[in-house]
Asker: 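Below is one structure. I have some questions about it.
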Amino acid sequence: LLGTAAGAGLGVMAVLAAGGLFGATLGLATAGAMLRLGLVGAAFAGALLGVSLTLLLARGAARPMVLLLAGVIVGVVLTALADLLALLSPEALRGRQVFLLGSTSFLGWGSVAAIAAVLALALPLAMRLSRVLDALVLGESTARSLGLPVPQLRLLLLALLALATGCAVAQAGLVAF
């Protein structure tokens, strides 16, 4: 709802479209390797883009209702951009269809390693920040009165969200999230 999955989808679609455009000149093996290496990074960058656009449109995260509505709008716009890329690069349509449907049946040990690396980074950080989330549920003023640097912690939590979402979407498609 914050534009993360749509942003990750746009990032993956951009890599698929670029791979389709440059695949004829680079060779299939080189293009395939670039696609595998770039999917996670592109999904993470797209997820960060989606969250950033949502925060920009909502003018911060202080009002949850406005934030959710901005996230829905950003999600629709980013999905439309991914559709436009699909129209401009018909070679990427098959990859996009597989990506949109999502599947874990094609995941290999490389995908497991990527997910494990992100999990090893994100899980300890998420566990450490769980008390921060408890304080934020009580309200921003309460969290500030407890001495928490709310804006910095919000950005850290959103980056962590984008990383985890981007990795899941890059590996198993949009159904994973």
Side-chain angles (χ1 to χ4, degrees), residues 1-16 18 34-82 85 99-100 102 104 107 110-177:
L1 291 175
L2 295 178
T4 54
L10 176 62
V12 169
M13 189 60 204
V15 170
L16 290 174
M34 284 178 57
L35 286 175
R36 278 191 290 277
L37 291 175
L39 283 180
V40 175
F44 175 61
L48 275 179
L49 173 73
V51 169
S52 299
L53 287 175
T54 300
L55 287 172
L56 184 68
L57 185 62
R59 295 186 179 146
R63 299 173 300 180
M65 185 63 70
V66 174
L67 185 67
L68 289 176
L69 290 174
V72 169
I73 291 168
V74 167
V76 168
V77 170
L78 294 181
T79 301
L81 288 173
L85 280 177
F99 170 74
L100 285 175
T104 57
L107 296 179
S111 298
V112 172
I115 291 171
V118 170
L119 183 65
L121 176 73
L123 188 62
L125 204 56
M127 295 296 286
R128 187 168 179 169
L129 293 173
S130 64
R131 297 286 184 192
V132 172
L133 286 173
D134 291 340
L136 285 173
V137 166
L138 297 174
E140 189 172 326
S141 60
T142 304
R144 280 197 183 130
S145 70
L146 291 172
L148 296 175
V150 174
Q152 294 87 357
L153 288 172
R154 264 207 187 126
L155 286 176
L156 180 62
L157 287 167
L158 287 172
L160 188 62
L161 166 88
L163 176 66
T165 303
C167 183
V169 167
Q171 299 303 320
L174 282 177
V175 165
F177 194 73

Asker: Rounded to the nearest 0.5 Å, how far does CG of Leu146 lie from OG of Ser141?
Answerer: 9.5 Å
Asker: Ignoring hydrogens, what is the shortest heavy-atom contact between Thr79 and Gly75? Give both atom names and the distance.
Answerer: OG1-O, 2.7 Å
Asker: When rounded to the nearest 0.5 angstrom, what distance separates CG in Leu123 from CZ in Arg128?
Answerer: 14.0 Å
Asker: Measuring from atom CD1 of Ile115 to atom CG of Leu119, what distance do you get when rounded to the nearest 0.5 angstrom?
Answerer: 9.0 Å
Asker: Show the nearest heavy-atom pair for residues Leu78 and Gly3, with the distance to one decimal.
Answerer: CD1-O, 4.1 Å
Asker: The test is side chain to side chain contact (heavy atoms under 4.5 Å, CB included); show your working for Leu85 and Leu10 and say whether it passes.
Answerer: CA-CA 9 Å; Leu85 280 177; Leu10 176 62; 3.9 Å; yes
Asker: What are the two closest heavy atoms between Leu138 and Thr142, and how far apart are they?
Answerer: O-OG1, 3.5 Å
Asker: Please determine whether side chain to side chain contact (heavy atoms under 4.5 Å, CB included) holds for the pair Arg154 and Val150, giving the CA-CA distance in whole Å, both sets of side-chain angles, and the decisive distance to 0.1 Å.
Answerer: CA-CA 6 Å; Arg154 264 207 187 126; Val150 174; 4.1 Å; yes
Asker: What closest approach, in Å, do Gln152 and Pro149 show between heavy atoms, and which atom pair accounts for it?
Answerer: OE1-CB, 3.1 Å
Asker: Using side chain to side chain contact (heavy atoms under 4.5 Å, CB included), reason through Leu156 and Val132 one step at a time and then give a plain yes or no.
Answerer: CA-CA 11 Å; Leu156 180 62; Val132 172; over 6 Å; no
Asker: To the nearest 0.5 Å, how far apart are CG in Leu69 and CE in Met65?
Answerer: 6.5 Å
Asker: Got a second to check how far Thr4's OG1 is from Leu161's CG, nearest 0.5 Å?
Answerer: 5.0 Å
Asker: Write down the atom of Ala135, the atom of Ala143, and the distance for their closest heavy-atom approach.
Answerer: O-CB, 3.9 Å
Asker: Roughly how far, to the nearest 0.5 Å, is the CG atom of Leu136 from the CG atom of Leu129?
Answerer: 9.5 Å
